[in-house]
Visitor: 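Attaching a single structure in structure tokens format; questions to follow.
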Amino acid sequence: HKSKVIHINPYSTITCLQSTVLKKKMFYNMRLKVLQKTASTFIRKLTEYRDQCVLKGKRERLTILWNSYKQVVHSK
């Protein structure tokens, strides 16, 4: 069985099978880049959320500390 030859330009010819492999390789490389970008965005958002939670926790602790301080000062 002879494979088809595709003429891309006068200087290169590739078989249909080579063309299919090349297309799949390009597709999966693009898919990989999209997944890497999605994962990177997800990790960045998780980091931002974690930092917000830490700050929120610090604010809550400061509020409790401040309220305790006011109670001590006003009880005198």
Side-chain angles (χ1 to χ4, degrees):
H1 178 295
K2 194 173 183 181
S3 54
K4 285 185 186 176
V5 175
I6 300 171
H7 298 282
I8 296 177
N9 63 42
Y11 303 106
S12 77
T13 58
I14 59 174
T15 64
C16 188
L17 181 60
Q18 289 170 324
S19 173
T20 302
V21 169
L22 183 62
K23 287 177 188 176
K24 287 187 181 288
K25 189 175 179 180
M26 288 170 40
F27 170 79
Y28 285 113
N29 280 336
M30 289 188 322
R31 184 75 180 127
L32 182 63
K33 287 180 183 180
V34 168
L35 289 172
Q36 286 172 336
K37 183 172 172 35
T38 303
S40 173
T41 302
F42 182 70
I43 290 170
R44 182 175 43 81
K45 295 239 182 227
L46 278 177
T47 304
E48 289 172 4
Y49 178 73
R50 182 199 64 200
D51 293 344
Q52 287 175 358
C53 288
V54 168
L55 288 176
K56 183 179 177 185
K58 285 182 181 178
R59 273 191 229 123
E60 288 174 357
R61 287 189 296 245
L62 285 173
T63 302
I64 292 168
L65 181 63
W66 180 248
N67 289 337
S68 301
Y69 170 76
K70 286 195 300 186
Q71 286 177 355
V72 170
V73 169
H74 291 297
S75 66
K76 289 183 179 182

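Nothing here was measured: the structure is a model prediction, and the numbers come from that model.
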Visitor: Tell me, do Ser19 and Lys23 make a side-chain contact under 4.5 Å, heavy atoms counted?
Guide: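 The answer is yes, as the side chains (C-beta and beyond) meet within the 4.5 Å cut-off.
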Visitor: Between OG1 of Thr41 and CG of Leu46, what distance do you get to the nearest 0.5 Å?
Guide: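 One finds 11.0 Å between OG1 of Thr41 and CG of Leu46.
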Visitor: Tell me the salt bridge (Lys or Arg N to Asp or Glu O under 4.0 Å) pairs involving residues 34-50, sequence neighbours left out?
Guide: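 For residues 34-50: Arg44-Glu48.
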Visitor: Measure the spacing between CE of Met30 and CZ of Phe27 and express it to the nearest 0.5 Å.
Guide: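 So the CE of Met30 and the CZ of Phe27 are separated by 7.0 Å.
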Visitor: Rounded at 0.5 Å granularity, tell me how far CG in Leu22 sits from CG in Leu17.
Guide: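 That separation rounds to 11.0 Å.
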